[in-house]
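The structure under discussion appears below in the form of structure tokens.
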Amino acid sequence: AAQLAELNRNAEQPLEFLAQETPPRTVTIPEPFLLGQTEVTVGQFRVFVKESGHQTDAEKHEGWGVENNGWYRRPGFNWQNMGGFIVGDQHPAGNLSWHDARAFCDWLNSKSHKIGGRRIRFRLPVESEWEYACRAGSADLWFFGPDGSRLADFAVVESNRPQTVGSRRPNGFGLYDMLGNESEWCLDLFAQYEDSPGGVTIDSSFVNSVANDGSSGRRVQRGGTFSFPALRQRPASREGGNPRSPDQGAFRVLGEFVSDQ
């Protein structure tokens with residue numbers, strides 16, 4: 001918080017987006033979880049579409065693509081067609097809505113998955129889980145320290161194009177592209193943080209409540225996108241997006257251990 005206050009004081013204009021990250025709160029994550037090492041790729045998403053027949057929101061309406069070296073929203077642009085930007089199997093699957101990401105997780109859960117004999121269920125991460133994984137134990141402005149000039153070693157930043165996954169260095173947990181490349185959908189509704197004197201516990205009841213909230217409000221997006229500057233690509237940075245819109249939409253999958261009983 002002190003580091004952010006100093007940044008705000010030194011900025012030429014107030015950094016209004018910082019207000020979305022306060023007040024500080026204590027979060028308890030009582031159960032272990034797994035998180036995808038990279039964002040879900042175009043190749044992985046293609047397997048899902050081929051097996052399920054899913055049609056994305058961008059395919060139904062419109063998505064983002066490149067024309068004359070600029071990004072435009074048009075019908076016909078989608079996760080596998082971004083115009084002048086040639087999408088490969090190892091690029092993060094983009095142009096995806098929150099509902100598309102949820103459908104991918106539902107498809108995974110239609111199959112049986114076990115690790116070490118324990119059953120795994122897949123979902124989008126709650127934003128506190130996402131931030132914990134991104135920080136990898138660091139309390140600095142970035143997971144690699146306080147110096148944002150190093151960000152390009154770890155993230156696709158201030159670029160005109162996303163890059164293939166894993167093209168930059170990982171964080172301390174071995175996770176790639178937690179910052180930059182494509183912003184990532186989280187499970188939660190986007191709202192201003194509230195003072196929580198007793199803290200927040202990310203248990204099964206909390207997860208179920210946010211997952212099954214039927215409102216049409218914005219959903220959380222984390223990590224920033226390839227075109228963002230360093231200050232908007234921090235572990236604490238957060239945005240909100242229309243759950244039916246593919247704007248800057250990519251995701252990675254969380255796996256939680258579940259009882260067979």
Original post:
Just by modelled atom types, is the N181 backbone N or O under 3.5 Å from a matching donor or acceptor in the D177 side chain?
Top reply: no

**OP:** Please check if the side chain of R150 supplies one atom and the backbone of F144 the other of a donor-acceptor pair under 3.5 Å.
**Re:** yes

Subject >> Least distance between heavy atoms, Q221 atom then G249 atom >> reply: NE2-CA, 4.2 Å

Subject >> Q37 backbone acceptor or donor facing R252 side chain under 3.5 Å >> reply: yes

**OP:** Taking all non-hydrogen atoms of both residues into account, name the closest pair between C186 and R222 and its distance.
**Re:** SG-CG, 3.7 Å

Subject >> Output field: ring centroids F154/F143 closer than 6.0 Å >> reply: yes

Original post:
Quick one: does R102's side chain get under 4.5 Å of L187's, heavy atoms only?
Top reply: yes

Original post:
Which residues satisfy the salt bridge (Lys or Arg N to Asp or Glu O under 4.0 Å) test with E256, sequence neighbours excluded?
Top reply: R121, R123

Original post:
Within a strict 4.5 Å, meaning less than it, do heavy atoms of the Y193 and T22 side chains meet?
Top reply: no

Original post:
Can E239 and R218 be counted as an ion pair, charged N to O under 4.0 angstrom?
Top reply: no

**OP:** Looking only at non-hydrogen atoms, find the nearest pair between F206 and V200 and report the distance.
**Re:** CE1-CG1, 4.0 Å

**OP:** Look at the side chain of D213 and the backbone N and O of S209, then say whether any donor-acceptor pair between them is shorter than 3.5 Å.
**Re:** no

**OP:** Decide side-chain contact (heavy atoms from CB on, under 4.5 Å) for L254 and L34; before the verdict, give the C-alpha distance in whole Å, the side-chain angles of both, and the deciding distance to 0.1 Å.
**Re:** CA-CA 6 Å; L254 179 144; L34 307 171; over 6 Å; no

Original post:
In the single-linkage hydrophobic clustering (I, L, V, M, F, W, Y; side-chain heavy atoms under 4.5 Å), do I120 and L108 co-cluster?
Top reply: yes

**OP:** For the pair F33 and Y132, name the ring-plane relationship: parallel under 30°, tilted 30 to 60°, perpendicular over 60°.
**Re:** perpendicular

Original post:
Should R25 and S128 count as side-chain neighbours, where that means a heavy-atom distance under 4.5 Å?
Top reply: yes

Original post:
Within the distance-only criterion (no hydrogens, no angle test), does the side chain of E129 pair as donor or acceptor with the backbone N or O of V126 below 3.5 angstrom?
Top reply: yes

Original post:
Do H113 and R119 come within less than 4.5 Å of each other through their side chains, counting heavy atoms only?
Top reply: no

Original post:
Between the side chain of E59 and the main-chain N/O of T56, is any donor-acceptor distance below 3.5 Å?
Top reply: yes

Original post:
Do F104 and H99 have side-chain heavy atoms sitting under 4.5 Å apart?
Top reply: no

Original post:
Is a donor on one side and an acceptor on the other found under 3.5 Å between the side chain of Q233 and the backbone of T225?
Top reply: yes

Original post:
Are any of the side-chain heavy atoms of L124 and V253 separated by less than 4.5 Å?
Top reply: no

Original post:
Should W107 and E51 be marked as a side-chain contact (heavy atoms from CB on, under 4.5 Å) after you check the CA-CA gap, both sets of side-chain angles, and the distance that decides it?
Top reply: CA-CA 9 Å; W107 168 72; E51 288 192 9; 3.1 Å; yes

Original post:
For residues D100 and S97, is any side-chain donor paired with an opposing acceptor at under 3.5 Å?
Top reply: yes

**OP:** For side-chain contact (heavy atoms from CB on, under 4.5 Å), just list the numbers for Q20 and F190, CA-CA rounded to whole Å, side-chain angles, deciding distance to a tenth of an Å, and then say yes or no.
**Re:** CA-CA 10 Å; Q20 300 173 165; F190 180 81; 3.8 Å; yes

Subject >> Heavy-atom check, side chain of N160 versus side chain of N69, under 4.5 Å >> reply: yes

Subject >> Connected via hydrophobic side-chain network under 4.5 Å: V49 and V40 >> reply: yes

**OP:** Could you grab the distance from atom CG of D188 to atom CD of E127, nearest 0.5 Å is fine?
**Re:** 4.5 Å

Subject >> Donor-acceptor pair, side chain of Q44 and main chain of T41, under 3.5 angstrom >> reply: yes

**OP:** State, to 0.1 Å, how close P243 and R219 come at their nearest heavy-atom pair, and which atoms those are.
**Re:** CB-CG, 3.9 Å

Subject >> Stepwise salt bridge (charged side-chain N to carboxylate O under 4.0 Å, His left out) check, D247 with R73 >> reply: CA-CA 9 Å; D247 287 2; R73 189 165 176 165; 2.7 Å; yes

**OP:** Check whether any side-chain N or O of W185 sits under 3.5 Å from a backbone N or O of L96 as a donor-acceptor pair, and report yes or no.
**Re:** yes

Original post:
Minimum heavy-atom separation for P229 to V157, with atom names?
Top reply: C-CG2, 4.2 Å

**OP:** Check whether any side-chain heavy atom of L179 sits under 4.5 Å from a side-chain heavy atom of C134, and report yes or no.
**Re:** yes

**OP:** May I ask you to say whether D153 pairs ionically with R168, meaning some side-chain N is under 4.0 Å from a carboxylate O?
**Re:** no

Which side-chain N or O atoms in residues 76-87 pair as donor and acceptor under 3.5 Å with protein atoms at least two apart or in another chain?
unit_1, atom_1, unit_2, atom_2, d
N78, OD1, Q80, N, 3.0
N78, OD1, N81, N, 3.2
N78, ND2, G76, O, 3.2
N81, OD1, G83, N, 3.2
N81, ND2, G76, O, 3.0

Original post:
Are T201 and D203 linked by a side-chain donor-acceptor pair shorter than 3.5 Å?
Top reply: no

Subject >> Joint cluster assignment, L231 & F226, ILVMFWY side-chain distance < 4.5 Å >> reply: yes

**OP:** Please check if L35 and V27 belong to a single hydrophobic cluster, counting links between Ile, Leu, Val, Met, Phe, Trp and Tyr side chain heavy atoms closer than 4.5 Å.
**Re:** yes

Subject >> Electrostatic pair R238:E131 at N-O distance under 4.0 angstrom >> reply: no

Original post:
Can you check salt bridge (charged side-chain N to carboxylate O under 4.0 Å, His left out) on R46 and D89, steps first, answer last?
Top reply: CA-CA 9 Å; R46 181 176 290 111; D89 276 0; 2.4 Å; yes

**OP:** Let me see the working for F251 and W130 under ring-ring contact (aromatic ring centres under 6.0 Å, His included), right down to the final yes or no.
**Re:** CA-CA 11 Å; F251 67 103; W130 186 97; over 10 Å; no

**OP:** Locate the shortest heavy-atom distance separating A136 from N171; write the atom from each residue and the value.
**Re:** CB-ND2, 3.9 Å

Original post:
For D140, does its backbone N or O pair with a side-chain atom of S138 as donor and acceptor, under 3.5 Å?
Top reply: yes

